[in-house]
There are 2 protein chains.
Amino acid sequence: MSKLPVTIKVIARQLKLSISTVSRALQNHPSIGLRTRERVQALAQRLQYIPNQNALSLKTNRRYTLGVILPDLLNPFFIQALEGIEEIATERGYLLTICPSHEKVNDEKRAVRLLTHSRVDGLLIAVARTTTTYEHLHELTALEVPFVLMDRPVTEVKAPSVTCDSRAGAEALTNFLIEKGFRRIAHLQGPAELEASGERREGFLRAMNRHGLPVEAGYIQTTDLTTPTTERATRVLLALQPRPEAIVAFNDYTALDAGRVARALGLRINQDLALVSFGNHPMNAYLDCPPLATIEQHAYAMGAQATGLLLRLIESPAVAHPPDHIRLRPQLVINEPREALMAG
Amino acid sequence: MSKLPVTIKVIARQLKLSISTVSRALQNHPSIGLRTRERVQALAQRLQYIPNQNALSLKTNRRYTLGVILPDLLNPFFIQALEGIEEIATERGYLLTICPSHEKVNDEKRAVRLLTHSRVDGLLIAVARTTTTYEHLHELTALEVPFVLMDRPVTEVKAPSVTCDSRAGAEALTNFLIEKGFRRIAHLQGPAELEASGERREGFLRAMNRHGLPVEAGYIQTTDLTTPTTERATRVLLALQPRPEAIVAFNDYTALDAGRVARALGLRINQDLALVSFGNHPMNAYLDCPPLATIEQHAYAMGAQATGLLLRLIESPAVAHPPDHIRLRPQLVINEPREALMAG
DNA sequence: CTGTTAGCGCCTTCAT
DNA sequence: ATGAAGGCGCTAACAG
């Protein structure tokens with residue numbers, strides 16, 4: 001019932017030419033007569049000939065496709081990264097096969113396996129939060145499948161990476177608060193399994209130390225990034241004596257959750273309690289009371305650079321690449337209070 | 001320099017077996033001796049043999065990959081759809097190749113071409129806002145490439161589709177306002193090129209008519225969905241005499257932009273002016289003043305159902321499929337005022 | 001200028 | 001129970 005596929009063989013038969021002549025004609029090979037070439041191309045056009053990528057790939061071992069493993073598509077950070085990836089990949093003629101890992105190691109391992117089997121030319125991976133064993137990545141190394149790690153650094157794995165310096169970001173946020181005159185600054189840190197949690201805490205502590213400011217007992221609370229936990233942690237912070245004047249939150253969501261709790265307790269945000277955070281979440285633009293400052297981590301640039309790196313690995317495997325580690329400089333973004341806009 | 005790939009040929013040579021024996025052994029073909037099978041599988045394991053999907057695809061004409069063309073990845077609606085797609089695709093063993101069209105016809109056409117060439121098994125497409133010619137889709141039909149349209153209905157193209165009944169949604173929103181006691185209700189409609197714009201306006205008008213309510217002159221304003229235009233349109237609406245008591249906005253962003261303008265003019269949201277909208281945007285959960293009500297369009301379900309449909313087309317092409325058109329029932333979501341949470 | 005041949009990796013008759 | 005041969009669609013020497 002289904003139409004038989006149009007191949008160069010079909011074209012050759014119809015034109016009473018050999019298969020190779022047709023092949024060359026389609027590639028504008030110089031040795032083919034103009035006359036013949038035109039006949040071939042005309043028929044190919046008419047028959048809507050489409051070269052079979054599977055056959056080409058079989059020969060060249062190239063799919064012109066990159067595999068992308070991302071932990072969470074609902075997180076705009078990774079979507080922005082994806083956009084950066086897409087920009088470069090498209091520009092270079094590559095397609096993207098995307099696998100969400102849902103922050104689960106198992107899904108991540110499955111994705112690595114599937115993508116390897118499907119013979120993508122290389123992989124871009126932001127490891128899941130729960131990934132603590134790395135055989136699947138070591139296996140990629142063993143198989144010599146090029147891959148680049150993004151966002152979440154994995155010191156244990158020898159592979160190029162593009163990450164953002166969380167420590168510097170946290171330090172910048174804290175400095176910002178200190179310069180604004182805040183002294184009793186607390187930190188809502190992320191879960192231990194995220195390397196970023198430790199880095200941000202370090203940045204926070206460093207800024208405090210450098211300014212000779214003490215971190216009061218209990219001023220560092222932990223959240224697993226779910227709303228209830230963040231709310232609980234915030235209540236703990238705000239019940240401390242003396243009460244913190246400002247909080248460096250793990251990310252924008254954390255800051256919002258904390259802000260809600262604070263207001264429920266009757267505190268005025270940015271007066272009684274200042275909040276700063278990580279992420280520069282697009283939704284901030286729509287909030288009446290976004291975090292006072294937030295850190296832009298350049299997800300887009302991260303994706304783009306990782307893709308550039310990967311394509312270099314793929315397209316010139318001859319060169320011995322010292323495992324590149326690109327470290328992006330985070331950027332402090334100060335959110336203008338909404339009042340400015342109200343005036344307009 | 002690069003390791004030569006492990007193929008069944010390599011295994012055969014090492015084991016002094018024929019290629020076909022190895023092939024069969026790996027597939028647990030019954031006619032292979034247990035002893036041989038074990039030796040083959042053991043070596044394959046040790047050598048990290050990975051079957052070459054390109055070779056398989058060449059024979060079977062199956063990539064176990066679906067192409068997905070989405071207009072805008074930064075729009076959570078499409079990401080939710082993507083999650084639905086991914087759920088079903090993964091469950092059925094398919095990978096996804098994703099191409100953003102950035103709401104541009106040209107990117108969309110390019111994507112269709114690339115995906116067709118790469119021989120994906122089928123396509124899921126939400127057409128770009130600017131798509132008004134459909135040769136690229138008709139071509140898919142001609143090539144007998146299975147595809148399913150999502151979200152944005154294209155009456156001109158004969159293909160299965162999964163969409164959400166925008167008209168019913170707008171009607172529900174308007175009814176909600178009327179039941180709340182609002183009478184002077186305005187509408188901020190979307191751009192003409194979106195079929196959804198017309199549908200939502202119709203739903204709005206129908207609800208008004210059914211309740212015998214007039215739509216005052218100028219009570220329908222248009223926005224291209226950018227913030228400045230929405231702000232301008234809102235100013236126009238709010239300058240009208242009599243001033244609208246409520247606005248049915250095209251989507252949540254529109255409602256937020258409108259709300260900001262209203263407050264800048266000194267109006268109290270949900271008292272002097274009620275706002276309802278489309279989208280059930282996740283950010284609503286973090287807003288102090290989300291739209292009073294919004295329409296959930298079941299992006300996730302849409303993606304999942306479209307994928308189910310597509311896989312049916314792919315896996316049983318024999319059956320003559322009457323072009324299915326699944327129409328999802330939109331759902332009215334009433335946003336609780338934030339005060340409730342403040343109490344907690 | 002064009003045709004013949006071989007081969008990419010794998011599966012699948014058909015022989016043995 | 002195993003091997004040999006052909007073919008999926010295409011390209012690229014190698015012949016003429």
Side-chain angles (χ1 to χ4, degrees), chain A residues 2-41 43-44 47-65 116-121 143-145, chain B residues 2-41 43-44 47-65 116-121 143-145:
Chain A
S2 184
K3 207 176 43 176
L4 83 163
V6 179
T7 67
I8 51 172
K9 194 193 212 167
V10 173
I11 299 181
R13 210 157 29 209
Q14 288 202 26
L15 259 37
K16 299 195 194 305
L17 287 170
S18 80
I19 290 178
S20 37
T21 304
V22 173
S23 169
R24 283 182 283 228
L26 289 171
Q27 307 172 62
N28 291 317
H29 192 287
S31 76
I32 295 294
L34 179 60
R35 183 90 194 83
T36 316
R37 183 193 325 182
E38 281 175 350
R39 284 179 52 211
V40 170
Q41 298 196 350
L43 184 58
L47 261 37
Q48 306 212 64
Y49 166 74
I50 291 178
N52 188 325
Q53 183 66 43
N54 291 322
L56 291 182
S57 298
L58 181 56
K59 284 196 85 68
T60 62
N61 242 338
R62 281 288 191 77
R63 285 269 354 152
Y64 289 98
T65 299
T116 309
H117 281 232
S118 103
R119 299 271 158 153
V120 293
D121 303 299
L143 292 169
E144 295 184 19
V145 175
Chain B
S2 184
K3 205 177 43 176
L4 84 164
V6 179
T7 67
I8 51 171
K9 194 193 214 167
V10 173
I11 299 182
R13 211 158 27 209
Q14 289 202 27
L15 259 37
K16 298 193 195 308
L17 287 171
S18 79
I19 291 178
S20 31
T21 303
V22 173
S23 170
R24 282 183 284 229
L26 288 172
Q27 308 172 64
N28 291 317
H29 192 288
S31 78
I32 296 295
L34 178 61
R35 182 90 192 81
T36 315
R37 183 191 327 184
E38 280 175 350
R39 284 180 47 209
V40 170
Q41 298 196 351
L43 185 58
L47 261 37
Q48 306 212 63
Y49 166 73
I50 291 179
N52 187 326
Q53 183 65 43
N54 291 322
L56 291 181
S57 297
L58 181 56
K59 286 195 86 71
T60 62
N61 242 337
R62 281 285 192 76
R63 287 271 346 156
Y64 290 96
T65 299
T116 309
H117 282 230
S118 104
R119 301 271 159 150
V120 293
D121 303 300
L143 291 169
E144 295 183 18
V145 175

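Chain naming here is simple, since letters A, B, ... match the order of the sequence lines and numbering starts at 1 in each. Keep in mind that this is a model prediction, so the values were computed, not measured.
Rounded to a whole Å, the CZ atom of A:R119 is 14 Å from the P atom of C:dC8. Between the C1' atom of D:dC10 and the CG atom of B:L58 lies a distance of 8 Å, rounded to the nearest Å. If you take CZ of A:R13 and C1' of D:dG9, they are 13 Å apart, rounded to a whole angstrom. As a whole-Å value, the separation of A:I32 CD1 from C:dG3 C1' is 10 Å. Atom CD in A:Q53 sits roughly 15 Å away from atom C1' in D:dC8 (whole-Å rounding). Put simply, CG on B:N52 is 18 Å from P on C:dG7, counting in whole angstrom units. The nearest whole Å value for the distance from the CG atom in A:N28 to the P atom in C:dT2 is 14 Å. As rounded to whole Å, 16 Å separates atom C1' of D:dT11 from atom CZ of A:R62.
Once rounded to the nearest 0.5 Å, the distance linking CG of B:L143 with CD1 of A:I50 reads 4.5 Å.
Across all strands shown, A:T7 has heavy atoms under 4.0 Å from sugar-phosphate atoms exclusively, and none from any base. Backbone-only engagement by A:T36 is indicated by non-hydrogen atom pairs under 4.0 Å involving sugar-phosphate atoms exclusively.
Evaluation of the side chain to side chain donor-acceptor pair (under 3.5 Å) rule for B:E38 yields no partner, not counting sequence neighbours. Residues passing the side-chain contact (heavy atoms from CB on, under 4.5 Å) test with B:S57, sequence neighbours excluded: A:N54, B:Q53, B:R63. Partners of A:S23 according to the side chain to side chain donor-acceptor pair (under 3.5 Å) rule, which considers only residues two or more places apart in sequence or in another chain, are A:Q27. With sequence neighbours excluded, no residue forms a ring-ring contact (aromatic ring centres under 6.0 Å, His included) with B:Y49. Under the rule for a side chain to side chain donor-acceptor pair (under 3.5 Å), A:H117 has no partner lying at least two apart in sequence or in another chain. Looking at residues two or more places apart in sequence or on another chain, you find no side chain to side chain donor-acceptor pair (under 3.5 Å) involving B:T60.
Note on B:K9: every side-chain N or O is 4.0 Å or more away from OP1 and OP2 of C:dG7. The phosphate of C:dG3 has OP1 or OP2 within less than 4.0 Å of a side-chain N or O from A:S18.
At its two ends the helix from C:dC1-D:dG16 to C:dT16-D:dA1 runs along axes set 50° apart, each axis drawn from five pairs and the angle rounded to 10°.
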Under 3.5 Å, which N/O atoms of the protein pair with N/O atoms of nucleotides 11-16 of chain C?
{"unit_1": "C:dC11", "atom_1": "OP2", "unit_2": "B:S23", "atom_2": "OG", "d": "2.8"}

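Residue whose closest nucleotide on DNA chain D sits further toward the 5' end, between B:V22 and A:I50: B:V22.
Minimum heavy-atom separation, A:S31 to A:R24: OG-CD, 4.4 Å.
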Which side-chain N or O atoms in residues 8-15 of chain B pair as donor and acceptor under 3.5 Å with protein atoms at least two apart or in another chain?
none

